[in-house]
Amino acid sequence: MRMSRLFLRTLRDDPAGADIASHRLLLRAGCIRQVASGVYAWLPIGQRVLAKVAQIVREEMDAAGAQEMTMPIVQPRELWEQTKRDVDYGPLMFRLEDRKQARYNLSPTAEEVITTIVAGELESYRDLPMNLYQINWKYRDELRPRFGLLRAREFLMKDAYSFHIDVDDLKRTYQDMYDAYSRVFTRCALTFRPVEGEAGEIGGDTNHEFMAMAAVGEDDVVWCQKCDYAANAEVARRKSETVDGKADAPAREKVHTPDMPGITAVAEHLGVPAGELLKCIAFDLDGEVGLALVPGDRDVNPAALAQAVAPKRARLLADDDFAAHPHVVKGYIGPDAESVALVIADPMVSAPHGWVTGANEIDHHVRSAVLGRDFEVGEWADLVAVVPGDPCPRCGSPLSIDRGIEVGQVFELGTKYSEALGALYTDEAGAQHPMVMGCYGIGISRIITAVVEEHHDEQGIAWPAELAPYDVHLVVIPGKGDEASEVIKTADELYDALANAGVDVLYDDRDASPGVKFADADLLGVPVRLTVGAKGLKRDVVERKLRKTGEESELQITDDLLTVSAEELRTAVL
RNA sequence: CGGGGAGUAGCGCAGCUCGGCAGCGCACCUGCUUUGGGAGCAGGAGGCCGGGGGUUCAAAUCCCCCCUCCCCGACCA
C-alpha cells in the first residue's frame, strides 16, 4: 500500500480525553475514530489489525473443532423474556422497536438465539457434541463507557456455544476451549493469566477469565507466586479457619465516642489498631437484616457475602434503609444488635479477642466484646476481601494482587438455557434430556487495547508481528541530488519485489521530510522498517530497523536482492 | 444516577470576568527554497463559536432550557 493513497491521518498532538496509552496511540496512529460515546469507527490501518486478531481466533477455534456461523445482531426481546435475562440485563441492553412496535434489542450476547436455533436442528445424542461460534458486533449500553475500546458500547466479540449430552462431555470441550484460548493470547503476544472468575449475568458454574495483565485493567487479579492459584478478586479467598479459644479479656465496657461513626476515628480515639475493632456491616437479606462481621482493618467482599447467603440475596443497607431499622445504628452497629436475622462472620473474627465494636447506640462503642460471652455468630464464611500478603487458599504462600484486562472467559453453563428454551435431545433409551451447555467469549476489539498497552513506547505502537497491519514499512528518502529519481526507482522495485514475495508492505512514498516519515513509522508500529535513501544506496545497502528493539542492520542490494527468490527475500527482510 | 469539567477551523487550544471586526499553534492549498528524525519564507483557504429561546443598538461573551462529550464513583459477558 502506498501511503500517498492510504486513508490515514496521523495526529501529532494527543487528542483530548484519551487518557490511557492504547486509546491515545490508536487515535494518533489513525486506527480508530470516535463516532459517539463508546462507539468507534475502524479506519483502514485499524481494520487490518482487527482482521488479524479475528483471524487468529478463527484459526484456533476451527482447529479446536468449533464451527463458525453468524447470528443476527437484532434479537427479539421475547427470547430474553423466556430466560428472564431481560430483567437481569436491565438498562444494559440497547432496546428498540420496529414500526409495528414489536420489541427487539441489540445483541449483548447470544445464548438465547443459538439455543433456540439448536433446539430446532439437533434432536439426538448422535448429533452431540456441537460447538458453534461467531465473530460479531456486540452492544451494551454501559453506564459509563471509558478508555476507548476498553469499555466500549459497541465491540467485536467472538462468542461460542457448545452443546453436550452430559457434564463430562462438556468438560472436555471446556478444556479444549481453555487450551485454544491460551494459544490465542500467546499468539497475540499478551502476558495473560487464566483466573477463576465471577459468573456475572450469564449464570453458571465453573468459569475462568483470561486476564491480560495491565495497570489500566479494571479487574483485580489475586494470584499466588508459589502455586498456580489465581482468581478474580471478587471470588478470591484467603486461607482461613475458625479457631477455638477463650479470650482473656475484662468485662465489656461501654465508652463514649462522640461523632465517630468510622473505624479510623474510633481506633485513634481509643489508641488501638484498626484490626482490634470489629466491623459490623448491615445488609438486607430478603427483607430481614443481617450483619456481616470482619476485623476493622478489613473490607467485606460483597461477592463473597452474596455467595455465602445464596440463594437468598444480600444487599448492603442504603441510608434510607436504616430509618426502617432503628435498632441498627449506622456507624455504631454492634454484633449483638436486636432483631437481626443472621450474624455471619469471617473466620478472622474467631480469633480469641476482646473486640472494640459498636454499642448499638449513637456516639457509643464498647471495649472487650468477646465472642461466646458478649455476642454470638450464627454462621461462618469467608467474607473479607483479600489483600496482598494474605495466605493462598491452596498452599498458604503470600498472595499478590495485580490489575488485569478481561480478554476472554470460558463458562460451564449447564442446562439453564436448554431447559428454558427447550433444547432437548433423545438418548439411546429414548428418553429426553436438556442439553448441557458451555459458552466461551473473546473480546476481539478489547484484545487490541491490551496489546497496545503492553507493546508501546514513547514514540508509538510496536505491534507484535502476528497482529501488525503490515509486515514491512518501506520508507524512501529521495534526497535532493540528481540521484533522487534513481533512489525512488530502487524503492519502487523493492516494493514490487516484496509484494510479489507475499510480504505486506506499507510504502511511504509521500513527498514528506525524513523526520515526518520516521516519526510516523514509529507511531504506526510496523515491526520492520526498511529505509531506501541516497546515503545507503551509495554503498548498495538499504537499512533495516526493528521497531520493537531498535536493532539496526543493513541489506546488500547490489546484484540480487531484487532478483532472489521470494523465499530468500522474505527471509532476508522479515 | 451522584460529583467534577468541557463543547470556538481537521487536531490541540486562547478569547468569555468587563458584550463591540473570531484568533493562535499544528495540519491543509499555491509558489520558491529545503531534504536522513516532526524544515524556512511569502501568499491563501477553511467557522451555525453544540442547539433553541431570551436580554441588548449589538451576544462566542450575559440569562433560561436542551443536547453532546470527558473525568471520578456506583455498575460490568
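By convention in this document, chain letters (A, B, ...) are assigned in the order of the sequence lines, proteins followed by strands, and residues within each chain are numbered from 1.
Not counting sequence neighbours, D402(A) has no partner by the salt bridge (Lys or Arg N to Asp or Glu O under 4.0 Å) test. In this structure F192(A) satisfies the ring-ring contact (aromatic ring centres under 6.0 Å, His included) test together with F185(A), sequence neighbours excluded. Residues passing the salt bridge (Lys or Arg N to Asp or Glu O under 4.0 Å) test with D509(A) are R2(A), sequence neighbours excluded. R403(A) meets the salt bridge (Lys or Arg N to Asp or Glu O under 4.0 Å) test with D220(A); sequence neighbours excluded. Applying the ring-ring contact (aromatic ring centres under 6.0 Å, His included) rule to Y495(A) yields the partners Y507(A); only residues at least two apart in sequence or on another chain are considered. Considering only residues two or more places apart in sequence or on other chains, E142(A) meets the salt bridge (Lys or Arg N to Asp or Glu O under 4.0 Å) condition with R151(A).
As judged by a 4.0 angstrom heavy-atom cut-off over every strand, F210(A) is placed among residues making no nucleic acid contact. Residue K158(A) is classed as having no contact, given no heavy-atom separation below 4.0 Å to the nucleic acid.
Within the 4.0 Å cut-off from OP1 or OP2 of rC76(B), not a single side-chain nitrogen or oxygen of R144(A) is found. Close to rG37(B), at under 4.0 Å from its OP1 or OP2, lies no side-chain N or O of Q459(A). S37(A) has a side-chain polar atom (N or O) that falls below the 4.0 Å cut-off from OP1 or OP2 of rC70(B). OP1 or OP2 of rA39(B) has at least one side-chain nitrogen or oxygen of S513(A) nearer than 4.0 Å.
Residues in residues 475-484 of chain A take part in no salt bridge (charged side-chain N to carboxylate O under 4.0 Å, His left out) pair, two or more places apart or across chains.
Distance from the side chain of F147(A) is smallest to rC72(B) among rC26(B), rU35(B), rC72(B).
When ring centroids are compared, Y178(A) and Y440(A) stay outside the 6.0 Å threshold.
RNA chain B lies under 4.0 Å from at least one heavy atom of each of the following residues of residues 17-29 of chain A: G17(A), D19(A), R28(A).
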Distances for protein N or O near nucleotides 29-34 of chain B N or O, under 3.5 Å:
none

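One can find a donor-acceptor pair under 3.5 Å joining the base of rC76(B) and the side-chain atoms of R151(A).
For the C1' atoms, the distance from rA6(B) to rG15(B) is 16 Å, rounded to whole Å.
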Completion exercise
Per-nt protein contacts along nucleotides 8-14 of chain B (heavy atom under 4.0 Å; B base, S backbone sugar-phosphate only, - none) come out as ---BSS-
What pairs of donor and acceptor atoms, side-chain ones from residues 72-80 of chain A against any protein atom, are under 3.5 angstrom apart with sequence neighbours left out?
unit_1: Q75(A); atom_1: OE1; unit_2: W80(A); atom_2: NE1; d: 2.8
unit_1: Q75(A); atom_1: OE1; unit_2: N105(A); atom_2: ND2; d: 3.2
unit_1: Q75(A); atom_1: NE2; unit_2: S107(A); atom_2: OG; d: 3.2
unit_1: Q75(A); atom_1: NE2; unit_2: T109(A); atom_2: O; d: 3.1
unit_1: R77(A); atom_1: NE; unit_2: Y104(A); atom_2: O; d: 3.3
unit_1: R77(A); atom_1: NH2; unit_2: Y104(A); atom_2: O; d: 2.9

Would you mind writing out the side-chain donor-acceptor pairs for residues 10-27 of chain A within the sub-3.5 Å range, not counting sequence neighbours?
unit_1: T10(A); atom_1: OG1; unit_2: D520(A); atom_2: OD1; d: 2.9
unit_1: S22(A); atom_1: OG; unit_2: E453(A); atom_2: OE2; d: 2.8
unit_1: H23(A); atom_1: NE2; unit_2: Y40(A); atom_2: OH; d: 3.2

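Both the sub-6.0 Å distance and the 45° axial angle are satisfied by R193(A) relative to the ring of W223(A).
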